[in-house]
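Below, read A as the first sequence line, B as the second, and so on, with proteins coming before strands; counting in each chain starts at 1.
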Protein chains: 2
Amino acid sequence: MSKKPARAGRRTEALTKAQIVEAAIAILDSEGVAALTFRTLSTRLATGSGAIYWHIANKEELLGAATDHIVAAAMDAAKVPNRKPREAIRAIATAVFDAFDAHPWIGGQLSLAPGRTGMLQVFEAIGGRLVALGVPAKDRFDVWSALVNYIFGVAAQNADNARRAEEGRTREDMLGTLAEAWGQLDASQFPFLHEVAVQLPGHDDREQFLAGIDLILDGALERRP
Amino acid sequence: MSKKPARAGRRTEALTKAQIVEAAIAILDSEGVAALTFRTLSTRLATGSGAIYWHIANKEELLGAATDHIVAAAMDAAKVPNRKPREAIRAIATAVFDAFDAHPWIGGQLSLAPGRTGMLQVFEAIGGRLVALGVPAKDRFDVWSALVNYIFGVAAQNADNARRAEEGRTREDMLGTLAEAWGQLDASQFPFLHEVAVQLPGHDDREQFLAGIDLILDGALERRP
DNA sequence: ACCTGAACACCGTTCAAGT
DNA sequence: ACCTGAACACCGTTCAAGT
């Protein structure tokens, strides 16, 4: 027997990057982004904080890998092969939107480091449907770029709103407050916002997100070679 | 005479929030987001770190106010009143894109706290042009939402790429590396990315961003009541 | 009312030492 | 090869004490 008793939960096999990323996601989901530190993470993994650095370069890589894990899982869950192209694009966009909304700690960790296979899958899936949809070859790169940037950009902004709502009022409260503020804006200086204020509380963020996808696709299909 | 000589640069008037925000922007622009701490900021302002908290609640509010200051300045500089509606929208979008690109520390600080007048000005300016463009009233809210979300979301993602490029290779280097990686992808599994790889190095992010604006507007104008 | 700056309660990251 | 955990060099934020 060694002097120290074996610690409960001490692993017997080597850590893996996947284990670390999954533990990080568990902390992020249950306690939020502020709770993810190398100390809480190493405690949960029953190891020393320095051990994590053997597998992961730094916190940015950790958050990036966690984000890509969520994206890849969302793509796996969104079964799209048998759908018509436009429906497939809408299904992929919805999957990303819902995944970000369910894991609102996802922020600006959307870069394309090597090994970000989840994002690559989304990129390819969207691009492939544009060919099937009949978007002219000369427009394809721009349409694809607009779509993937829109999807990830808007989903990330929505997630950030959800995160802020979590730590305070509900989303309905926030929209109500915003509608009231815009309704009190000077109608001669802000006629549009003054008018659109009434539509804020009732609207569905997800539906509006998908309406934007349709606008881009409609614009793309109007183009002829 | 007091025992301690008056410190050089000691202010004689009270701090203002505007002074703090401008000093913060100066640090962010010249030394990056990691260099902005309450210690560097209070040193530059010749005050104590706690003094800043008399005027600003916390770092999130500081970064949010700095972001809105940049947006407001960009809107002021982008003279759009005499343009045709579509050109005005393109000018506003370009102004936001360029401002974010020039201040790449702008990240996810895009929320709508009270007093964010810069973002409100962009929102109103875009909305007003949609009326002038003849977008049907029933579509206006969705088209407006798609446009402003696209503009801020894509501009923020581009800024984040610019920030990452700063602390390493150039943007051209990064695009070249990405093109090479995508070019080596299995062409049967990733046909679209394999093909689009060749277009990556030569493309202009700003032009592609504007192409997305046009797609949304074209999609919107195709709708009839 | 506004400022000072030490103190508090943390961080991410490194690294000599272990197995 | 992989892990340990103390140590380093910081942070944001608070607050008693000043003017």
* Any side-chain heavy atom of B/E60 within less than 4.5 Å of one from A/R164? -> yes
* Between P of C/dG5 and CG of B/L41, the distance in whole Å -> 15 Å
* Asked: What's the CD1-P distance between A/I56 and D/dC2, to the nearest Å?
  -> 14 Å
* Heavy-atom side-chain proximity of A/I216 to A/Y150 below 4.5 angstrom -> yes
* Gap in Å between the two C1' atoms, one belonging to D/dC2 and one to C/dA16, rounded -> 15 Å
* **B/L62 and B/L36, any side-chain heavy atoms less than 4.5 Å apart** => yes
Look for any protein N or O under 3.5 Å of an N or O in nucleotides 12-16 of chain D and output each such pair with its distance, or none.
residue: D/dG12; atom: OP1; partner: B/K59; partner atom: NZ; Å: 2.5
residue: D/dG12; atom: OP2; partner: B/F38; partner atom: N; Å: 3.1
residue: D/dG12; atom: N7; partner: B/R39; partner atom: NH1; Å: 3.0
residue: D/dG12; atom: O6; partner: B/R39; partner atom: NH2; Å: 2.9
residue: D/dT13; atom: OP2; partner: B/Y53; partner atom: OH; Å: 3.0
residue: D/dT13; atom: OP2; partner: B/K59; partner atom: N; Å: 3.0
residue: D/dT13; atom: O5'; partner: B/Y53; partner atom: OH; Å: 3.2

* **Lys/Arg N to Asp/Glu carboxylate O, B/D205 vs B/R171, below 4.0 Å** => yes
* Asked: Just wondering, do B/L210 and B/F97 contact through their side chains at under 4.5 Å, heavy atoms?
  -> no
* **Aromatic plane relationship, B/H103 with B/W105 - under 30° parallel, 30 to 60° tilted, over 60° perpendicular** => perpendicular
* Asked: For DNA chain C, which ranges pair as stems of 3 or more consecutive Watson-Crick or G-U pairs, with both donor-acceptor distances under 3.5 Å?
  -> C:4-8 with D:12-16, C:12-16 with D:4-8
Can I get a per-line list of side-chain donor-acceptor pairs under 3.5 Å for residues 117-126 of chain A, giving both atom names and the distance, sequence neighbours left out?
residue: A/E124; atom: OE1; partner: B/F192; partner atom: N; Å: 3.2
residue: A/E124; atom: OE1; partner: B/L193; partner atom: N; Å: 2.8
residue: A/E124; atom: OE2; partner: B/F192; partner atom: N; Å: 2.8

* Asked: Would you say D/dC3 has OP1 or OP2 under 4.0 Å from some side-chain N or O of A/W54?
  -> no
* So, is B/H55 near the phosphate of C/dA1, with a side-chain N or O under 4.0 Å from OP1 or OP2? -> no
* Quick one: sort the B/F141 and A/H203 rings into parallel, tilted or perpendicular, breaks at 30° and 60°. => perpendicular
